[in-house]
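Just so it is clear, the model here is predicted, and its values are computed rather than measured. So that the names make sense, note that chain A is the first sequence line, chain B the second, and so on, each numbered from 1.
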There are 2 protein chains.
Amino acid sequence: MADHATIFRDYLAKKGLKLTSPRKKILEAVFAIHEHFNAEELYGRIKSHSQGISLATVYRTLPLLLEAGLVQHALRSAGRERYEHIYGHPKHIHWLCRSCGSLVETDLQSVDPLIAELAKSLNFKEEDIELSIRGLCWKCASTENENQTDER
Amino acid sequence: MADHATIFRDYLAKKGLKLTSPRKKILEAVFAIHEHFNAEELYGRIKSHSQGISLATVYRTLPLLLEAGLVQHALRSAGRERYEHIYGHPKHIHWLCRSCGSLVETDLQSVDPLIAELAKSLNFKEEDIELSIRGLCWKCASTENENQTDER
DNA sequence: GATTTATTTGCAACTGATTCTCAGTAATAA
DNA sequence: TTATTACTGAGAATCAGTTGCAAATAAATC
Ligand SMILES: [Mn+2]
Ligand SMILES: [Mn+2]
Ligand SMILES: [Zn+2]
Ligand SMILES: [Zn+2]
């Protein structure tokens with residue numbers, strides 16, 4: 001029911017931390033991006049709107065958002081950590097094309113109960129599921145067929 | 001049918017690369033480890049047996065093993081890439097306890113057909129599935145209940 | 001098996017994302 | 001006001017991973 005600002009404030013309060021102006025701005029920026037992003041991209045967005053926020057503070061705030069359950073890790077890329085906000089964005093499967101880099105997201109629903117069942121039999125209390133599938137998207141798969149050059 | 005050395009040699013040959021002594025040693029070490037490992041841990045194992053292999057060569061060889069399909073990425077940890085060999089080690093689910101760090105692996109079989117079906121409906125040619133579940137193992141879950149200190 | 005050619009290696013220097021240090025600010029409590 | 005604690009920006013430090021290079025090695029050709 002609570003919106004993300006409330007959730008963040010509550011989380012911070014519980015930890016004896018403050019919801020400061022930089023943290024507020026970073027939070028807003030995070031929820032204005034509806035794609036995956038890395039720290040520097042996030043920083044770039046913030047800089048263009050307001051100013052006076054440092055990259056260091058972005059790096060310092062991201063772990064707080066993760067712990068507050070507002071943000072999660074997404075697939076790393078080019079040696080950089082990537083993130084995405086979670087609020088109002090239910091768990092999903094990531095389909096990443098290794099050729100064109102396109103990323104598609106689909107529902108996790110069909111897989112979820114199966115995992116819950118496995119977890120129960122293992123006595124494991126699941127908190128976070130990450131399901132990523134790498135391969136070729138429709139477009140790249142057909143292209144690769146044309147270029148029937150070599151390989152296997 | 002082919003063993004991993006043969007697979008590696010064939011892969012290298014196809015690329016016009018050579019199966020050298022350092023590469024052979026690294027390959028052996030990789031298949032002597034039956035856990036997840038990072039580049040430095042692998043290097044440590046090799047150094048203790050033979051010598052005269054540099055860390056740089058380990059770093060240069062790992063991508064080759066990945067591309068040859070002999071090794072895959074495992075869950076990153078402490079800011080370091082981790083790996084595991086695949087040969088004779090079918091795809092599996094990783095269950096990682098966020099409290100004690102224990103890692104359990106289980107079969108992917110039950111989930112596999114479901115994903116294949118989804119892939120078909122998306123026209124996505126899946127090549128690699130990564131399913132990791134973070135949470136609390138049986139032990140840590142019960143401990144956390146005792147220490148009913150605070151938190152939600 | 002000597003010679004040529006292309007690939008590999010160890011080493012050390014480098015890179016770049018992330019973390020840390022520190023001195024100055026802001027918020028809050030007393 | 002004063003004391004205490006948390007926060008910030010700036011830049012320095014860290015450190016996993018990469019790269020340039022000259023010497024070594026493997027394979028191909030004579
Ligand atoms: Mn996503
Ligand atoms: Mn594994
Ligand atoms: Zn594609
Ligand atoms: Zn545990």
Side-chain angles (χ1 to χ4, degrees), chain A residues 5 8-30 36-68 71-83, chain B residues 5 8-30 36-68 71-83:
Chain A
F8 196 31
R9 189 184 3 257
D10 289 353
Y11 164 79
L12 291 171
K14 196 176 291 177
K15 288 265 181 176
L17 306 178
K18 301 162 192 168
L19 181 53
T20 60
S21 152
R23 284 178 182 159
K24 240 181 272 180
K25 281 178 191 160
I26 291 167
L27 177 70
E28 275 163 36
V30 161
H36 296 189
F37 58 87
N38 64 33
E40 190 118 11
E41 287 162 0
L42 176 58
Y43 174 61
R45 301 266 192 132
I46 295 166
K47 235 185 358 188
S48 68
H49 285 284
S50 43
Q51 72 258 65
I53 284 181
S54 77
L55 183 55
T57 300
V58 171
Y59 272 110
R60 280 188 281 234
T61 304
L62 280 167
L64 299 175
L65 294 169
L66 284 167
E67 253 215 59
V71 162
Q72 71 183 1
H73 281 288
L75 276 77
R76 286 177 66 80
S77 163
R80 314 192 61 161
E81 220 59 67
R82 294 186 77 73
Y83 307 86
Chain B
F8 195 32
R9 185 179 11 251
D10 289 353
Y11 164 79
L12 292 171
K14 196 176 291 178
K15 288 266 179 177
L17 306 178
K18 299 165 190 167
L19 181 53
T20 60
S21 151
R23 285 179 179 157
K24 242 180 272 181
K25 281 178 190 159
I26 291 167
L27 177 69
E28 274 163 37
V30 161
H36 295 189
F37 58 87
N38 65 32
E40 190 119 11
E41 288 163 359
L42 177 58
Y43 175 61
R45 301 265 192 132
I46 295 167
K47 234 185 359 188
S48 68
H49 284 286
S50 43
Q51 72 258 67
I53 284 182
S54 78
L55 184 53
T57 299
V58 171
Y59 273 111
R60 281 190 279 234
T61 304
L62 279 167
L64 299 175
L65 293 170
L66 284 167
E67 253 216 60
V71 162
Q72 71 182 2
H73 281 287
L75 276 77
R76 284 177 66 78
S77 164
R80 315 195 60 162
E81 219 60 68
R82 295 186 76 74
Y83 306 86

Heavy atom of residues 57-66 of chain B under 4.0 Å from DNA chain D: which residues?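 Within this stretch, Tyr59(B), Arg60(B) sit under 4.0 Å of the strand.
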Rounded distance in Å - [atom1] ([X]) to [atom2] ([N]):
X	N	atom1	atom2	answer
Leu12(B)	dT7(C)	CG	C1'	11 Å
Phe37(A)	dA17(C)	CZ	P	17 Å
Glu41(A)	dG16(C)	CD	P	17 Å
Leu19(B)	dA26(D)	CG	C1'	11 Å
Arg76(A)	dA16(D)	CZ	C1'	10 Å
Leu55(A)	dA17(C)	CG	P	10 Å
Phe8(B)	dT8(C)	CZ	C1'	12 Å
Arg9(B)	dA27(D)	CZ	P	9 Å

For Glu40(A), which contact category applies under a 4.0 Å heavy-atom criterion: base, sugar-phosphate, or nothing?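 Here Glu40(A) touches no strand at all.
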Within the 4.0 Å heavy-atom criterion, would you say Ile53(B) contacts the bases, only the backbone, or no part of the nucleic acid?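 If one applies the 4.0 Å heavy-atom cut-off, Ile53(B) turns out to touch the sugar-phosphate alone, with no base involved.
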Axis bend over the full length of the helix from dG1(C)-dC30(D) to dA30(C)-dT1(D), computed from five pairs that close each end, to 10 degrees: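 Inter-axis angle at the termini of the helix from dG1(C)-dC30(D) to dA30(C)-dT1(D): 30°.
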Given that Gly79(B) and Ser21(B) both sit by DNA chain D, which one's nearest nucleotide is further toward the 5' end?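 Taking each residue's closest nucleotide, the earlier one in sequence belongs to Gly79(B).
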When rounded to the nearest 0.5 angstrom, what is the spacing between [atom1] in [X] and [atom2] in [Y]?
X	Y	atom1	atom2	value
Glu81(A)	Leu75(A)	CD	CG	10.5 Å
Leu66(A)	Leu62(A)	CG	CG	6.5 Å
Arg45(A)	Phe37(A)	CZ	CZ	9.5 Å
Lys25(B)	Thr61(B)	NZ	OG1	12.0 Å

Is there any protein nitrogen or oxygen under 3.5 Å from a nitrogen or oxygen in nucleotides 4-6 of chain D, and what are the pairs?
none

Find out whether [X] and [Y] are in side-chain contact, i.e. whether some heavy atom of one side chain is under 4.5 Å from a heavy atom of the other.
X	Y	answer
Glu40(A)	Leu55(A)	yes
His73(A)	Arg82(A)	no
Leu64(A)	Phe8(A)	yes
Lys24(B)	Leu19(B)	yes
His49(B)	Glu28(B)	no
Glu67(A)	Tyr11(A)	yes

Check the pair Glu41(B), His36(B) against side chain to side chain contact (heavy atoms under 4.5 Å, CB included), reporting the backbone distance first and the verdict last. CA-CA 10 Å; Glu41(B) 288 163 359; His36(B) 295 189; over 6 Å; no
Would you say Arg23(A)'s side chain and Lys18(A)'s backbone share a donor-acceptor pair under 3.5 angstrom?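 Between the backbone of Lys18(A) and the side chain of Arg23(A) there is a qualifying donor-acceptor contact (under 3.5 Å).
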Counting only side-chain N and O atoms of Thr20(A), is one of them less than 4.0 Å from OP1 or OP2 of dA26(C)?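 The answer is no; no side-chain N or O of Thr20(A) sits under 4.0 Å from OP1 or OP2.
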